[in-house]
2 protein chains.
Amino acid sequence: MKDVAARAGVGLKTVSRVVNEEAGVTPDTVARVQAAIDALGFRRNDSARLLRTRRTSSVGLVLEDLADPFYAPLSRAVEDVARSHGALLFTGSSAEDPRREQELVLAFCARRVDGLVVVPASDDHRYLAPEMEAGVATVFVDRPAGRVDADVVLTDNAGGTRDGVAHLIAHGHRRIGFIGDQPSIHTANERLRGYREAMANAALPVLPQWYAMGPTTPDRVRAALAVMLSGPEPVTALFAGNNRVTVTAVRVLSDHPRPVALVGFDDFELADLLSPPVTVVAQDAPGLGRTAAQLLFRRLDGLTTDAPTRTELPARLIPRGSGEIPPSS
Amino acid sequence: MKDVAARAGVGLKTVSRVVNEEAGVTPDTVARVQAAIDALGFRRNDSARLLRTRRTSSVGLVLEDLADPFYAPLSRAVEDVARSHGALLFTGSSAEDPRREQELVLAFCARRVDGLVVVPASDDHRYLAPEMEAGVATVFVDRPAGRVDADVVLTDNAGGTRDGVAHLIAHGHRRIGFIGDQPSIHTANERLRGYREAMANAALPVLPQWYAMGPTTPDRVRAALAVMLSGPEPVTALFAGNNRVTVTAVRVLSDHPRPVALVGFDDFELADLLSPPVTVVAQDAPGLGRTAAQLLFRRLDGLTTDAPTRTELPARLIPRGSGEIPPSS
DNA sequence: CTGAAAGCGCTTACAG
DNA sequence: CTGAAAGCGCTTACAG
């Protein structure tokens, strides 16, 4: 910029005015400065600019896994909102590791992002309190914040699961299994709660071998399912606690001698092409991202200084066939 | 930092030393500075630091769509490599719009990212030449750079398609259709080329109504397929030019009276659960991202100053059933 | 309409 | 082992 000023024979401030398209510069001067800019191939250094203006026009997004089909549309929605507000997006995956989440969040804060959208991997975000007090707007999405007061945008996990399990009960099932993700994950627990509530609402018992929580690896799901499907009181229907469980369940059940009804939490692309087509409880992944990002920018733009809010988006039951199979015995 | 120095009763430089864990500070001084840091809740401003050190330790990733199941693992791979080099990642979606690509790239450059990984939406990247000369390392991935000399990492699209079509020919097909993405997209053309080559290698004709290029919307694919499947010389097999085409083709073909063989470019999660299971030519999406990012950091770390390279990763045919259906007439 | 001075928060290069 | 000065590339607040 100094070079441009020298070459155009003007002051630094005038170059700044031209670069920022501020009013009040003679067309003649503008032309001279512009010529110098072009000749020198000058491009403004936004990092320096932002040091002075105290706004970086960037937000950080921390999620579980960029490559996860559920989070991909969520991050795209956050990007779209950020873009419409002129902000760039830092992204990072926590891989479900609280330490990594914290590293990423603090690295983003050290770059002085204006705000953060975080899918928590940790259940304790007190490390963020000083940053939030220092003015970093923060919205938690998909899972609640831990030990810190902040905006939260969630899916109604318990309600969605309740609906799904009630749907199975309505189709005559009495022995219904549930396979969920690790109990350390909030959404996994909420879904388990929904399952229990639906069973209780129908005055149905829940035997200990009917539900299993843990890693959603194919082996673990296979093993859990084998237990539920054997013994004197095998389940006639299964509620799969997420995407990955559903996929493995479809594989296992297609080899099973008796038909078993299936409802899965989370929709997935080819669910309607499988045989039978898979009934799911669908979340609104883009809606989560969009809502969270809009909340963030409302705070950043000073449009609201209300106390932190908690938003719950509904989940939607989509009957396709697998959830309407009657009990087999 | 000034406040910390004042409170600890030391110079600015000493605080800097402690913050950066440089050697040569009395343990006693370190303790005093650390106490002041904690008391004030001081966190180093990396933006300011980077203004001085001239390295931002960040890279920009521009791709077609963050939410696309093909690009999600690619971006995750780039993130992992960046992370292992201590760099943060800016991400953005071009939505196949050259202007948006340029906006994003230049915005990243204005923030002075150290390097860029770009999935081109444009076929002219001369706008990037000044930035590259100014030292922004750039690697293009999935599609080649346009009118600029840079590192490129591609899938062998023509070769993969050739293998897939040859596979159909080996199973007795003579009339084979091809539905591809818009001809403005490089990979779409390469795949069309592979189709033509495979047919030519087998001395088979290609009728004009057997291939169609255009948007991969369900309606367009349906219409194109209807044309190929009707008339006096209907195709007995289809090569689908990408993921989205394959999915629509599966839907249409499952309703079709005669069995039609299908091979699709790109693998997708439940391909083996459909009936028939879908034979695909699979790309290595994480491999593309990893290779591109490694190349980028090799340049950034000054480990290589060779001329730009062109890397082609092989695509792999995965027979599952749909590609092994014999001709029906 | 234009510009010189001060400063954003840090590091570099130097001196003690 | 420690610190004062200068500067990274820009903007803010002011004066002319």
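Chain letters run A, B, ... following the sequence lines, proteins first, then strands; residues in each count from 1. All figures in this text were calculated on a predicted structure; none of them were measured in a lab.
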- Message: Measuring to OP1 and OP2 of dT11(D), would you say a side-chain N or O of S16(A) lies under 4.0 angstrom away?
- Response: yes

- State whether S47(B) places a side-chain N or O below 4.0 Å from either non-bridging phosphate oxygen (OP1 or OP2) of dC10(C). no

Value in whole Å for how far the [atom2] atom of [N] lies from [atom1] of [X]:
X       : N       : atom1 : atom2 : result
R112(B) : dC10(C) : CZ    : P     : 21 Å
R54(A)  : dG7(C)  : CZ    : P     : 14 Å
L12(A)  : dA13(D) : CG    : P     : 17 Å
K2(B)   : dA5(D)  : NZ    : C1'   : 15 Å
N45(B)  : dC8(C)  : CG    : P     : 12 Å
R55(B)  : dG9(D)  : CZ    : C1'   : 19 Å
K13(A)  : dC14(D) : NZ    : P     : 13 Å
L50(A)  : dC10(C) : CG    : P     : 15 Å

- Would you say the side-chain atoms of T26(A) and D28(A) include a donor-acceptor pair closer than 3.5 Å? no

- Side-chain H-bond candidate by donor/acceptor type, Q102(A) with S122(A), under 3.5 Å: no

- Task: With rounding to the nearest 0.5 Å, note down the distance linking OG1 in T305(B) to CZ in R299(B).
- Result: 7.5 Å

- Query: NA contact type, V10(B), heavy-atom cut-off 4.0 Å: base, sugar-phosphate, or nothing?
  - Reply: sugar-phosphate

- Task: For D46(B), report the nucleic acid contact type (base, sugar-phosphate, nothing); a contact means any heavy atom under 4.0 Å.
- Result: nothing

- Closest contact, heavy atoms only, R44(A) versus R112(B): O-NH1, 3.5 Å

When you measure from the side chain of [X], which nucleotide among [options] comes out closest?
X      : options                  : value
T53(A) : dG3(C), dC8(D), dT11(D)  : dT11(D)
R17(A) : dT2(D), dT2(C), dT11(D)  : dT2(C)
V25(B) : dC10(C), dT2(D), dT11(D) : dT2(D)
T26(B) : dG3(C), dT2(D), dG9(D)   : dT2(D)
T14(A) : dC8(C), dT2(C), dT11(D)  : dT2(C)

- Item | Nearest-nucleotide 5' precedence on DNA chain D, V30(B) against L51(B) | V30(B)

- G11(B) or R49(A), whichever maps to the more 5' nucleotide of DNA chain D: G11(B)

- Pair of N/O donor and acceptor under 3.5 Å linking dG7(D) base with R52(B) side chain: yes

- Parallel, tilted or perpendicular: which fits the ring planes of F108(A) and F90(A), with parallel below 30° and perpendicular above 60°? parallel

- Look at the side chain of R76(B) and the backbone N and O of L66(A), then say whether any donor-acceptor pair between them is shorter than 3.5 Å. no

- Message: Going by purine N1 to pyrimidine N3 plus the second Watson-Crick contact, or the G-U wobble pair, all under 3.5 Å, which nucleotide sits opposite dG3(D)?
- Response: dC14(C)

